[in-house]
Amino acid sequence: MNFEGLLFGPVPSRRLGFSLGVNNIPRKICSYSCVYCQIGRTINFSIKRQEFYSTDDILDALTRKIEEVRTGGGRIDYVTFVPDGEPTLDVNLGKHIEAIKSTGMKVAVISNASLIDNEDVASDLMDADWVSLKVDAIDDVKWKIIDRPHGSLNHSIILDGIRKFSEKYHGILATETMLVDGIQDLGEIHIIAEYLSSLRKLDLAYISVPTRPPAEEYVKPPSDELINAAFQVFNNHLGNTKVSLLTGYEGSEFFTGESLEDEILNILAVHPMREDALLEVIERSGESAEFVDHMVKYGKISKVPYMGKFFYILPPKIERIKPNS
Ligand code: SF4
């Protein structure tokens, strides 16, 4: 077994601070083949949990890594299962989580939720400190178009499984909804928001857009108008849940002493701002509205209308494949 690439990072993450990634699934075994997947099309479709790495191997690699990071003066806020496939396909996931937690580290798992109705999977995830579950669509046809699930999966069972999990889970529960141009429209976004509002507990709802080269070339982020509208709809439905955008901008969140431009970009990276609120920030800093116009003119931010008001939003930062890379 090759253990190279089993751990990666720590990398700064807007969601998890400094996150040390665990790649507990060999490339690329997954129950979905999402059109936007940055790892490409699924080579090995599976819904069967299997053993890939032993907990001892993971713990061994982790102990060495923690030592190395600490010696270098670095920081790890979360050990995150975010592999090149679906992490819950690992039958030892629960054991790994338990062992990592016994070292005093916090554990996060980013899952596509496809196996959440399986009692063993739900029970494994119960012990994680932070769990993110994918909810890209409620409509069955849209789910099949965007996530391209394994033929044996049933969407209503998954949606029910997420609901049941939210009733029992005591850690931080997040959902992630990837918006793809031409797949989810505003009607579907309303239905997703309604579904999320029916969960008993939901701490964070992320709206993301494709920012890395996707599995299918036709995949593009939706318009800035739709991204902003989705944020407003989620916010209106999800009173006690923090709604955030993931537009690919990591910014200068981890540094202090920001410039006004950095401050604006950092705020807009996670949520759009109404025109009057942004102008207030500008005025407080002794600048004029021209400062904002200048940022719009140079494409750093976009101004979009929604329900008779204007909002500013950060356009998705799309990574392009460099020739010969
Ligand atoms: S669930 Fe994740 S790893 Fe699997 S295809 Fe979708 S984006 Fe890729």
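Computed over heavy atoms, backbone and side chain alike; hydrogens, waters and symmetry mates excluded. Both ligands and their constituent atoms are indexed starting at 1 by order of listing.
- For the pair D129 and M105, the tightest heavy-atom approach, listed with the atom from each and the gap, is OD2-O, 4.4 Å.
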Between side-chain atoms of residues 293-302 and protein atoms elsewhere (two or more places apart, or another chain), which donor-acceptor pairs fall under 3.5 Å?
from: K300; atom 1: NZ; to: E261; atom 2: OE2; distance (Å): 3.0
from: S302; atom 1: OG; to: D224; atom 2: OD2; distance (Å): 2.6

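- The pair K65-E68 meets the salt-bridge criterion, since a charged nitrogen lies less than 4.0 angstrom from a carboxylate oxygen.
- Among residue pairs with one or both ends in residues 267-288, those qualifying as salt bridge (Lys or Arg N to Asp or Glu O under 4.0 Å) are R274-D276, E275-K303; sequence neighbours excluded.
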Donor-acceptor pairs under 3.5 Å, side chain of residues 156-166 to any protein atom, not counting sequence neighbours: which ones?
from: S156; atom 1: OG; to: N154; atom 2: OD1; distance (Å): 3.3
from: D160; atom 1: OD1; to: R163; atom 2: NH1; distance (Å): 3.3
from: R163; atom 1: NE; to: S198; atom 2: OG; distance (Å): 3.3
from: R163; atom 1: NH2; to: S198; atom 2: OG; distance (Å): 3.3
from: S166; atom 1: OG; to: R163; atom 2: O; distance (Å): 2.7
from: S166; atom 1: OG; to: R200; atom 2: N; distance (Å): 3.2

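- Excluding waters, the set of protein N, O or S atoms lying under 2.8 Å from atom 6 (Fe) of ligand 1 comprises C34 SG.
- Between F45 and P149 the shortest heavy-atom distance is CE2-C, 3.9 Å.
- Note on ligand 1: K28 sits in its first shell, one or more heavy atoms being nearer than 4.0 Å.
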